[in-house]
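Let me begin by presenting the structure, written as structure tokens, before commenting on it.
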Amino acid sequence: MGFVILLVYSLSLYLKLRKSDPGKIQPNEFELDEMLRELAEDESPQSYCQTCYVRKNLRTKHYLRFGCIVRFDHYCVWIGNCVGVGNHLAFLFALFMFCVTMITFVTVSILTINPQSTW
């Protein structure tokens with residue numbers, strides 16, 4: 001019964017991660033006007049995203065599907081989402097829960113196949 005609860009909880013974490021916001025920067029008109037003013041004053045163009053026109057912080061990267069992501073870590077093909085400041089802790093917790101679920105599955109499987117095994 002405990003394994004089923006772990007499995008359901010892990011699957012719910014997975015679905016939550018697929019839909020979670022990785023930390024997208026939302027552009028607004030005030031920032032666009034400020035950016036154009038600063039670029040006219042010869043500010044470094046590397047501090048602005050040339051695609052979505054927002055100020056880029058340290059470790060901010062532009063990803064085609066989501067726009068600029070704050071503290072972009074990586075795109076995870078397993079969850080189909082970027083990992084950034086908005087979902088990094090949830091991603092690490094989900095990895096931990098997936099490992100616990102797999103270890104529980106292996107343990108239950110071994111004990112079911114060979115009930116006389118001593119652990």
Side-chain angles (χ1 to χ4, degrees):
M1 184 66 178
F3 172 70
V4 174
I5 293 170
L6 273 175
L7 184 63
V8 169
Y9 187 66
S10 294
L11 288 175
S12 68
L13 280 174
Y14 169 75
L15 293 175
K16 179 184 175 200
L17 275 174
R18 282 191 65 85
K19 302 292 182 193
S20 66
D21 178 26
K24 181 181 177 194
I25 299 176
Q26 301 293 334
N28 61 32
E29 280 189 39
F30 176 73
E31 287 180 356
L32 182 59
D33 291 341
E34 180 184 332
M35 179 195 71
L36 292 174
R37 194 175 317 111
E38 288 178 0
L39 283 176
E41 295 171 0
D42 205 21
E43 169 124 357
S44 169
Q46 288 84 12
S47 63
Y48 292 96
C49 178
Q50 297 174 356
T51 306
C52 53
Y53 306 111
V54 295
R55 182 183 285 275
K56 287 172 47 173
N57 300 330
L58 207 55
R59 290 185 56 197
T60 299
K61 300 281 191 260
H62 183 83
Y63 190 74
L64 293 175
R65 259 179 72 194
F66 300 105
C68 282
I69 309 296
V70 179
R71 276 187 26 211
F72 179 84
D73 189 44
H74 68 284
Y75 178 80
C76 181
V77 296
W78 302 108
I79 63 170
N81 199 354
C82 292
V83 177
V85 71
N87 60 359
H88 194 261
L89 287 176
F91 178 76
L92 292 176
F93 183 68
L95 282 180
F96 173 74
M97 288 307 298
F98 295 154
C99 290
V100 168
T101 304
M102 286 188 288
I103 290 169
T104 305
F105 173 74
V106 169
T107 304
V108 168
S109 297
I110 290 173
L111 291 175
T112 303
I113 292 171
N114 188 6
Q116 284 90 19
S117 72
T118 58
W119 279 55

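Please read these numbers as outputs of a predicted model, since none were measured by experiment. All values below were derived from every heavy atom in this structure, side-chain atoms included, with hydrogens, water molecules and symmetry-related copies excluded.
Tracing side-chain contacts under 4.5 Å through hydrophobic residues (I, L, V, M, F, W, Y), one never reaches Ile69 starting from Leu92; they form parts of separate clusters. Linking Ile, Leu, Val, Met, Phe, Trp and Tyr residues whenever their side-chain heavy atoms come within less than 4.5 Å leaves Ile103 and Leu13 in two separate clusters. Both Leu7 and Phe105 are members of a single hydrophobic cluster when ILVMFWY side chains are connected at heavy-atom separations under 4.5 Å.
For the atom pair Asn114 CG and Ile110 CD1, the distance stands at 9.0 Å (nearest 0.5 Å). Atom-to-atom distance recorded for Leu11:CG and Leu6:CG is 11.0 Å, nearest 0.5 angstrom. Within the model, atoms NZ of Lys24 and SG of Cys82 stand 11.0 Å from one another, a figure rounded to the nearest 0.5 Å. Note that OG1 of Thr60 is 7.5 Å distant from CG of Leu58, once rounded to the nearest 0.5 Å. Rounding to the nearest 0.5 angstrom, the gap separating the OG1 atom in Thr51 from the CG atom in Leu64 is 7.5 Å. Taking CD1 of Ile5 as the reference point, atom OG of Ser10 lies at 11.5 Å (rounded to 0.5 Å).
When all heavy atoms of Trp78 and Tyr14 are compared, the pair lying nearest together is O-CE1, 3.2 Å. Ala94 and Leu17 get closest at one heavy-atom pair: CB-CD1, 3.4 Å. What you find for His62 and Cys49 is that their closest heavy atoms are ND1-SG, 3.5 Å.
A donor-acceptor pair under 3.5 Å is formed between the side chain of Asn81 and the backbone N or O of Ser20. Remark: side-chain polar atoms of Arg71 are not paired, donor with acceptor, to backbone N or O of Gly84 under 3.5 angstrom. Side-chain atoms of Asn87 do not come within 3.5 Å of backbone N or O of Lys19 as any donor-acceptor pair.
Ring orientation note: the planes of Phe91 and His88 are tilted relative to one another, at an angle of 30° to 60°. Note: Tyr75 and Tyr63 have parallel aromatic rings, judged against thresholds of 30 and 60 degrees for the angle between ring planes.
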